[in-house]
Number of protein chains: 2
Amino acid sequence: MSLSAQDVINELQHAGLRITTQRRSIIEHILRMPAHFSADELLAELHNGQMEVSRATVYRLLPKLVQLGVVREVIYGEEHRHYEVVGEDQQYHGHLICEQCGRVIDFVCPAVEGAIIGVCREYRFWHHSHTLEITGLCEDCQDQPLNN
Amino acid sequence: MSLSAQDVINELQHAGLRITTQRRSIIEHILRMPAHFSADELLAELHNGQMEVSRATVYRLLPKLVQLGVVREVIYGEEHRHYEVVGEDQQYHGHLICEQCGRVIDFVCPAVEGAIIGVCREYRFWHHSHTLEITGLCEDCQDQPLNN
DNA sequence: CTGGATGCAAACCCTTTGCATAAGC
DNA sequence: GCTTATGCAAAGGGTTTGCATCCAG
């Protein structure tokens with residue numbers, strides 16, 4: 001089962017935040033966005049729909065959703081922020097980022113999960129979230145001549 | 001053995017880049033910076049010395065050094081970029097980042113290294129570099145009341 | 001000499017914010 | 001009604017860039 005808009009709305013309410021038409025719309029769109037999206041891409045989607053939401057509102061809600069654990073920031077190499085939805089049952093995963101073509105490949109790796117839990121125990125660190133990003137060349141780009 | 005300024009300068013030359021007084025100065029300072037630094041902190045250090053280097057020059061050199069594998073970008077949660085030197089013998093490591101006090105704790109974990117190599121083999125991905133960042137609460141902050 | 005590097009300052013661009021208005025609860 | 005959320009537009013702040021000058025190779 002994946003996260004529903006209502007689930008997120010309930011979380012907002014529990015956190016003492018008000019449920020507005022704009023927030024409802026933003027949440028519904030976020031759940032339909034591709035794996036990784038930026039604030040700008042989200043805004044573009046919102047403007048394709050009937051509901052208009054201002055940049056400010058989107059920018060104000062996203063950090064709250066991060067705090068609530070609904071989305072998390074990923075793919076930091078890029079110039080602007082990217083987010084992805086944290087599914088209920090979704091395993092933590094990492095990203096393989098191709099330096100040549102920009103493609104982002106998601107991967108899951110239980111061994112990494114286990115290692116991270118071990119590190120946190122060792123350092124008595126309370127683990128909230130983590131990101132693992134590997135940059136390099138994807139299979140296709142390894143064969144191609146460099147172009148920079 | 002850790003990286004010397006001359007090593008980096010040789011790498012620049014091999015890459016066809018010119019060796020200028022400014023670049024020499026930047027490189028020397030980078031090697032003396034604390035574990036993680038921003039472009040701004042680097043500039044402050046440079047201005048403490050006798051040699052003046054402009055912001056533009058620093059901002060133009062850093063990406064080249066990333067490409068050459070001399071430094072890498074880390075600690076992406078922050079609003080601006082941070083870098084760290086990639087030592088010759090330095091083990092890859094990750095960062096534990098405290099959400100409360102902002103402290104950054106480096107850790108090494110061979111298990112993570114192994115897992116990453118496995119993932120790259122599986123996806124036929126050529127590994128250039130990677131970062132692993134775990135956010136949460138450090139030991140000290142776990143006991144303190146929340147203040148946000 | 002000649003093309004790459006520097007410095008200055010202005011431009012960029014994503015993101016944040018002040019303030020008046022609107023609307024949850 | 002009281003307080004929070006929204007929208008607009010302007011500010012913010014790190015980073016990039018155009019252009020004239022400089023200098024390493």
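In this entry the distance linking NZ of Lys64(A) with P of dT16(C) reads 12 Å, nearest Å. In this entry the distance linking NE2 of His80(B) with C1' of dT16(C) reads 15 Å, nearest Å. Whole-Å rounding puts the Ile27(A) CD1 to dA5(D) P distance at 12 Å. Rounded to an integer number of Å, the gap from Asp40(B) CG to dT15(D) P is 8 Å. Distance Leu46(B) CG to dG7(C) C1': 14 Å, rounded to the nearest Å. One can place CG of Leu12(B) at 15 Å from C1' of dG25(D), the figure rounded to the nearest angstrom. The interatomic distance linking Ile9(B) (CD1) with dG25(D) (C1') rounds to 15 Å, in whole Å. In this structure, the CD atom of Glu41(B) is 11 Å from the P atom of dG14(D), given to the nearest Å.
Contact annotation: Gln22(A) side-chain N/O to dG7(D) OP1/OP2 distance is under 4.0 Å. Here Thr20(B) reaches the OP1 or OP2 of dT6(C): one of its side-chain N or O atoms lies under 4.0 Å away. In this structure, Thr57(A) reaches the dG7(D) phosphate: one of its side-chain N or O atoms is under 4.0 Å from OP1 or OP2. OP1 or OP2 of dT15(D) lies within a sub-4.0 Å distance of a side-chain N or O belonging to Tyr59(B).
Of the residues Leu31(B), Leu42(B), Thr20(B), the one that meets the side-chain contact (heavy atoms from CB on, under 4.5 Å) test with Ile26(B) is Leu42(B). Between Ile30(B) and the choices Val70(B), Leu62(B), Val58(B), the side-chain contact (heavy atoms from CB on, under 4.5 Å) rule is met once, by Leu62(B).
Comparing Ser38(B) and Arg18(B) against DNA chain D, the residue whose closest nucleotide sits nearer the 5' end is Ser38(B). Closest-nucleotide positions on DNA chain D for Gly16(A) and Gln13(B) were compared, and the one nearer the 5' end corresponds to Gly16(A). With DNA chain C read from its 5' end, the first of the two nearest nucleotides for Leu61(B) and Thr21(A) is the one closest to Leu61(B).
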Mind running side-chain contact (heavy atoms from CB on, under 4.5 Å) on Ile117(B) and His127(B) for me, showing each step along the way?
CA-CA 8 Å; Ile117(B) 291 166; His127(B) 172 262; over 6 Å; no
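The base of dG7(C) does not come close enough to the side chain of Arg55(B) for any donor and acceptor atom to sit less than 3.5 Å apart. For dG4(C), the base has no donor-acceptor partner in the side chain of Arg60(B) [N/O atoms by modelled type, under 3.5 angstrom].
By the 6.0 Å contact criterion, CZ on Arg121(B) is open, its count of non-hydrogen atoms from other residues, nucleotides or ligands being 12 or less.
Checked against dT15(C), dG7(D), dT16(D), the side chain of Val53(A) finds its nearest nucleotide in dG7(D).
Classification of the Trp126(B)-His128(B) ring pair by plane angle, with boundaries at 30° and 60°, yields parallel.
Using a 4.0 Å heavy-atom cutoff across all strands shown, Arg23(A) reaches sugar-phosphate atoms only and no base atom.
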